[in-house]
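Remarks on the structure that follows.
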Amino acid sequence: MTRVADTIRTDPPIGDAAGSLASYDPCAVLTPVEARDALAGATAPAVARGLFRCGWSPENEVSAMVRFESGRVEAGTLPPVDLGGQFAAVLPGAKPGTCRVQWENRGAPSGDAEFAEVSISNVGPLPLDPCANAIGAARAVRAKLPQG
């Protein structure tokens with residue numbers, strides 16, 4: 001199974017992977033220190049949730065997720081944020097304590113895009129701004145990805 005996953009990452013069936021997120025491991029785009037910062041000081045191992053999603057869920061009830069998708073980047077309800085040369089949508093959740101940051105990696109003629117998303121969820125009592133933590137983690141992730 002590992003060989004199949006490695007093949008899909010390095011030679012994905014969706015075509016040329018040059019500049020694509022398909023060859024990146026979402027569990028490897030946050031260092032342990034960056035993950036700890038996103039998780040309000042807690043540590044947790046990265047847990048793959050399929051080939052293109054990864055989550056961190058420490059005991060402090062703050063969790064993080066990195067995912068690579070295709071589709072359309074949603075329109076943010078807050079002003080776009082600069083992730084270092086790439087603007088991203090900031091999407092506070094309907095539930096308090098949640099926030100997602102999405103940005104396009106590369107477009108496609110169909111109108112769909114390949115995009116990345118970083119989300120933070122705080123279901124516990126810790127006082128934190130999930131959007132600030134999601135933006136910080138998104139900046140760290142964006143710095144490691146191709147410049148679409």
Side-chain angles (χ1 to χ4, degrees), residues 1-2 4-6 8-10 12 14 17 19-108 110-148:
M1 192 60 153
T2 301
V4 171
D6 289 342
I8 289 172
R9 284 194 199 287
T10 59
I14 58 175
S20 173
L21 298 176
S23 60
Y24 286 80
D25 179 355
C27 289
V29 293
L30 284 178
T31 67
V33 170
E34 292 163 343
R36 184 193 67 213
D37 290 347
L39 298 168
T43 59
V47 177
R49 305 202 192 300
L51 290 176
F52 302 114
R53 292 177 189 232
C54 190
W56 294 259
S57 298
E59 292 182 11
N60 71 352
E61 299 184 57
V62 177
S63 61
M65 173 85 62
V66 172
R67 73 183 181 112
F68 303 147
E69 290 283 340
S70 62
R72 296 177 191 261
V73 173
E74 296 176 44
T77 56
L78 297 176
V81 63
D82 185 357
L83 300 180
Q86 173 72 44
F87 282 91
V90 180
L91 306 147
K95 281 180 20 181
T98 62
C99 191
R100 298 176 295 136
V101 176
Q102 292 182 347
W103 66 95
E104 184 177 303
N105 181 62
R106 67 179 186 173
S110 67
D112 283 350
E114 179 182 78
F115 69 90
E117 178 182 280
V118 173
S119 60
I120 298 291
S121 176
N122 178 19
V123 297
L126 288 177
L128 69 87
D129 176 352
C131 288
N133 286 37
I135 290 167
R139 283 188 174 120
V141 169
R142 176 69 185 124
K144 295 175 185 81
L145 298 177
Q147 303 294 315

Mind listing the closest non-hydrogen atom pair of Pro58 and Leu39 along with its distance?
CD-CD2, 3.8 Å
Applied to residues 75-96, the side chain to side chain donor-acceptor pair (under 3.5 Å) test, sequence neighbours excluded, yields none
CG of Asn133 to CG of Leu128: how many Å apart, nearest 0.5 Å?
5.0 Å
Taking only distance into account, with no hydrogens and no angle test, what donor-acceptor pairs under 3.5 Å do side-chain atoms of residues 40-53 form with protein atoms, sequence neighbours excluded?
from  : atom 1 : to    : atom 2 : distance (Å)
Arg53 : NH2    : Glu69 : OE2    : 2.9

Please, which pairs that meet side chain to side chain donor-acceptor pair (under 3.5 Å) have at least one residue in residues 116-130, sequence neighbours excluded?
Arg67-Glu117, Arg100-Glu117, Gln102-Glu117
Show the nearest heavy-atom pair for residues Val73 and Ala89, with the distance to one decimal.
CG1-CB, 4.1 Å
Where Leu21 and Phe115 come nearest, the two heavy atoms and their spacing:
CD1-O, 3.6 Å
How would you list all residue pairs meeting salt bridge (Lys or Arg N to Asp or Glu O under 4.0 Å) that involve residues 26-46, not counting sequence neighbours?
Glu34-Lys144
Quick check: closest heavy atoms across Ser20 and Ser23, and the distance to 0.1 Å?
O-OG, 3.7 Å
Between Trp56 and Pro26 the two heavy atoms that sit nearest each other are CH2-O, 3.7 Å
Residues in salt bridge (Lys or Arg N to Asp or Glu O under 4.0 Å) contact with Glu61, at least two apart in sequence or another chain
none
Taking all non-hydrogen atoms of both residues, which atom of Phe87 and which atom of Pro80 are closest, and how far apart?
CD2-CB, 4.1 Å
Would a 4.5 Å heavy-atom cut-off, applied to side chains only, mark Asn105 and Tyr24 as touching?
no
Ala137: what forms a side-chain contact (heavy atoms from CB on, under 4.5 Å) with it, not counting sequence neighbours?
Leu30, Ala38, Val118
